[in-house]
Amino acid sequence: MLGLFEEKNYLCTKLFAMYKLFFTLLIGIFGLLNPVASWAQTSYDEWVAASYDMLDADSTRQAAECLKKAMRLEPANPQNGMLFTNLGTLQRELGELTDAEMSYSCAIALLPDASVPLLARAQLYAQMEKYADAIGDYSRLLEKDPENEDVLYERALCRLMSTDTIGARRDLEYIDTFNPKSAKSRLGMAIVYKATGEYSMAIDLYNALIKANPKSWSLLRDRAEVHFLSNRMGAALLDVNASLDLNPNDPFTYMLRAQIRLAKGDKDYARRDINTALEKGIEPQIVVGLLEKMQ
C-alpha cells in the first residue's frame, strides 16, 4: 500500500529541493572568485567557488569533494558550519545518508543556535525512518519557534509514522489554534484519518482541499487512494486518471492505478502500470507484493 510511505517520500523530495536551492544561493556568494588553474595552490574561498561550478555542471560528487577540501584546508574557518550543512545536503542527494547525518551533526555542533542544519537533520532522520530522532530534532526547533507550522506538520507525520496518532492529532490541532485556515493542518488530518481507517472523514477533507486546489495532482492521487481503501474502485480510477493527466511522471500514481486495476480484475492493465512505475523510477521492492498477487 502506498499511503504514508509515499507521503513521507513526497514530502522529503519537496523539502530537499528547497535545501538544494539554499545551498546554491549560499555558494553563489562565495563564487565571486574564479578557481585558479593550479589546485595545489587553491585557497579556501576558491575551493568553495569551485564547488559551485561543479554543482552548476551537475557534478554533485565533485562539488562535495571541493567542500571537503576547503574545510580540510581551514578547519577553524567560521564558515565551516554552513559548509557542513551544504555537504550533508549533497551527500543526501548522493544517497550517502550516514555520511549526511554526520555532516549535519557537525554543522549543529558548530552552529548550535542555527535552525537550518537542525531542520535538515530532522528531515534526513525522517527519510531514514529514524522517527524518534526526527521528532527530537523537530521538538528542539519548536522550543525556539512553537508556532512554526511546517515543523509542526512534519513532526505530526513522523509521529503518525511511529503510530503515535494522538501526538500527530495534537500537533495538527495546535496549528488550528493560530491558523484556523491552515491547509497543512487539513492535509495532515486527512492523512491521519486515512491511516486510522476513518475514510469518510478523510474524503471530506480531501474534497475541500481539491475544491481550493483543483489542479493539484497529488491531492487527486491521495483521494484516489482513500477511495481505493474504502472499496470505491470507480471513484478511485477517476481520480487517479485525473491525477495522471496533470502529472504523467509520478511513479507512485501508476502503482496506485495498478492496485486499483488489479482489484477490478484487469491484470494486463495492472501489469502495464507496474512496468510504467518501474520505468518512472519506483524502487523494485515496492512492487514485489503486487506482482506476487498477479501470478
Side-chain angles (χ1 to χ4, degrees), residues 1-23 81-82 84-176 179 182-196 218 222 252 283 285-286:
M1 198 66 63
L2 299 178
L4 298 177
F5 177 88
E6 193 280 333
E7 186 69 37
K8 179 195 71 175
N9 281 279
Y10 173 73
L11 176 64
C12 287
T13 300
K14 180 178 178 182
L15 291 166
F16 174 77
M18 178 182 71
Y19 279 98
K20 186 173 180 182
L21 174 62
F22 173 82
F23 168 78
M82 195 58 68
F84 267 121
T85 303
N86 299 333
L87 177 60
T89 299
L90 292 178
Q91 290 167 329
R92 187 176 173 187
E93 182 176 0
L94 291 167
E96 300 168 354
L97 303 187
T98 300
D99 290 341
E101 179 184 352
M102 292 179 63
S103 294
Y104 287 144
S105 296
C106 288
I108 293 167
L110 292 171
L111 301 170
D113 295 324
S115 296
V116 171
L118 189 58
L119 179 59
R121 191 176 69 176
Q123 292 162 350
L124 175 67
Y125 281 144
Q127 180 182 354
M128 298 171 72
E129 300 184 5
K130 294 183 175 182
Y131 299 117
D133 292 326
I135 291 167
D137 280 354
Y138 285 129
S139 296
R140 285 178 60 184
L141 288 163
L142 288 166
E143 288 174 2
K144 302 175 184 179
D145 186 7
E147 294 187 356
N148 189 312
E149 186 172 335
D150 292 334
V151 173
L152 283 163
Y153 173 76
E154 291 173 35
R155 188 174 71 173
L157 290 185
C158 286
R159 283 178 162 169
L160 186 59
M161 292 296 290
S162 58
T163 69
D164 180 11
T165 57
I166 294 175
R169 287 176 188 261
R170 187 184 302 119
D171 280 344
L172 296 168
E173 289 168 354
Y174 183 62
I175 293 174
D176 285 334
N179 185 7
S182 170
K184 281 188 177 295
S185 174
R186 280 154 181 73
L187 177 59
M189 285 305 302
I191 297 168
V192 170
Y193 288 140
K194 178 170 61 176
T196 56
S218 61
D222 293 347
F252 291 100
E283 296 180 4
Q285 61 265 31
I286 296 176

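Two residues are said to be in side-chain contact when any heavy atoms from C-beta on lie closer than 4.5 Å; E101 and Y125 meet this criterion. Looking only at side-chain heavy atoms (C-beta outward), N148 and L141 stay at 4.5 Å or farther from each other. Counting heavy atoms from C-beta on, the side chains of L97 and L124 come closer than 4.5 Å.
Considering every non-hydrogen atom in both S139 and R155, the closest pair reads OG-NH1, 3.0 Å. The two atoms that bring Y104 and G88 nearest to each other are OH-C, 3.4 Å, heavy atoms only. When all heavy atoms of K184 and L172 are compared, the closest pair comes out as O-CD2, 4.2 Å. The two residues L152 and P146 have their closest heavy-atom pair at CD1-O, 3.7 Å. The shortest heavy-atom contact between L111 and M82 is CD1-N, 3.6 Å. Across A168 and A156, no two heavy atoms sit closer than the pair CB-O, 3.3 Å.
Ionic pairing of R92 and D99 is not present here: no N-O contact between side-chain nitrogen and carboxylate oxygen is shorter than 4.0 angstrom.
Taking SG of C158 as the start and CD1 of I135 as the end, the distance is 6.0 Å to the nearest 0.5 Å. With rounding to the nearest 0.5 angstrom, the OG atom of S105 is 11.0 Å from the CG atom of L110. We find the OH-CG distance between Y138 and D150 to be 9.5 Å, quoted to the nearest 0.5 Å. Separating the CZ atom in R121 from the CG atom in D133 is a distance of 7.5 Å, to the nearest 0.5 Å. Between the NZ atom of K130 and the CE atom of M161 there is a distance of 15.5 Å, given to the nearest 0.5 Å. Atom CD of Q123 sits about 4.5 Å away from atom CD of E154, to the nearest 0.5 Å.
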Check against side chain to side chain contact (heavy atoms under 4.5 Å, CB included), I286 and F252:
CA-CA 10 Å; I286 296 176; F252 291 100; 4.1 Å; yes
Evaluate D137 against L119 for side chain to side chain contact (heavy atoms under 4.5 Å, CB included), listing each step before the verdict.
CA-CA 7 Å; D137 280 354; L119 179 59; over 6 Å; no
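For the side-chain contact (heavy atoms from CB on, under 4.5 Å) criterion with L118, the lone passing option out of D113, T85, I108 is I108.
For R186 (side chain) and S182 (main-chain N/O), a donor-acceptor pair under 3.5 Å exists by modelled atom type.
S185 and Y174 share no side-chain donor-acceptor pair at under 3.5 Å.
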